[in-house]
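Heads up, the thing below is written out as structure tokens.
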Amino acid sequence: MADIQTNVETALKKDMENKLKKELQKELKKGSGFMNEFKKFISRGNVIDLAVGVIVGSSFTAIVNSLVNNIITPLITLITGKVSVKELFISLDGKEYDSLEAATEAGAATLSYGLFIQSVIDFIIIAFVVFLMVKGINRIRDIGKSKEAPVEEAPTTKVCPFCKSEINIEATRCPNCTSQLEGEAE
């Protein structure tokens, strides 16, 4: 009896081992399929385009930041009476400081609304420049396209001369009034 039980246990172990091996092989195949799918994704042009876009975008950011910091902000400072927008702040400890930098060095909590205004200005300029670029690119893209007249498709229906209902153009008899259509009888 113990011999039979040992044989059954051994058979069950082998069966479980075989099932586990099969499941493991299936998972490994799925994994290699996943890797192949990932390789296809990476080698597609979209990923390369995205990478180029990020690189160009970071370079473009440097140009726009220079435009804002070196040209537009000084003009705004000139217009506002030599007050830099970035320097506008409210000290929350009640004391007065000569500059935002002095308040920061003193450890005072500040409400730096000037930096927020500067960020809004930066955003507007960036959005405007991107708008101009997209508009220019679309204009260049449209130059290559020829303006074709819309092609009219051949009619697929006609009107029955008897009941005035719309029917298939190839019909020889009207399905509504059953009239034989002239010149189309076989």
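Sequence positions, counted from 1, serve as the residue numbers for this chain.
In this structure, the separation between CZ on Phe116 and CG on Leu111 is 10.5 Å, given to the nearest 0.5 Å. Taking CD1 of Ile124 as the start and OG of Ser119 as the end, the distance is 11.0 Å to the nearest 0.5 Å. To the nearest 0.5 Å, the span separating CD1 on Ile90 from CD on Glu96 amounts to 11.0 Å. With rounding to the nearest 0.5 angstrom, the OG1 atom of Thr110 is 12.0 Å from the CD atom of Glu101. For the atom pair Glu170 CD and Lys158 NZ, the distance stands at 9.0 Å (nearest 0.5 Å).
Counting only distance, with no hydrogens or angles, the side chain of Glu87 and the backbone of Gly114 share no donor-acceptor pair below 3.5 Å. Judged by distance alone, with hydrogens and angles left aside, the side-chain atoms of Ser66 form no donor-acceptor pair with the main-chain N or O of Ala62 at under 3.5 Å. No side-chain donor-acceptor contact under 3.5 Å links Arg173 to the backbone of Ser179.
Under the 4.5 Å side-chain contact rule for hydrophobic residues, Val134 and Phe60 share a cluster. Transitive grouping of hydrophobic side chains (ILVMFWY, heavy atoms separated by less than 4.5 Å) brings Ile71 and Ile117 into a common cluster. In this structure, Leu115 is not a member of the same hydrophobic cluster as Leu92, with clusters built from ILVMFWY side-chain heavy atoms closer than 4.5 Å. Residues Ile125 and Met133 share a hydrophobic cluster, clusters being chains of Ile/Leu/Val/Met/Phe/Trp/Tyr side chains in contact below 4.5 Å. Following chains of ILVMFWY side-chain contacts shorter than 4.5 Å, one can reach Ile121 starting from Leu88, so the two form part of one hydrophobic cluster.
Heavy atoms only, all atoms of each residue included: Pro74 and Asn70 are closest at CG-O, 3.5 Å. Closest of all the heavy-atom pairs between Ser112 and Phe89 is CA-CB, 4.1 Å. Minimum heavy-atom separation, Ile169 to Pro155: CD1-O, 3.6 Å. Listed here is the closest heavy atom pair of Cys174 and Leu181: N-CG, 4.3 Å.
The side-chain contact (heavy atoms from CB on, under 4.5 Å) test with Ser165 is passed by exactly one of Asn176, Val159, Thr157: Asn176.
Judged as a side chain to side chain donor-acceptor pair (under 3.5 Å), the pairs with a partner in residues 120-134 (not counting sequence neighbours) are, in order, Gln118-Asp122.
When the shell of 6.0 Å around CG of Asn168 is examined, it contains more than 12 heavy atoms from other residues, nucleotides or ligands.
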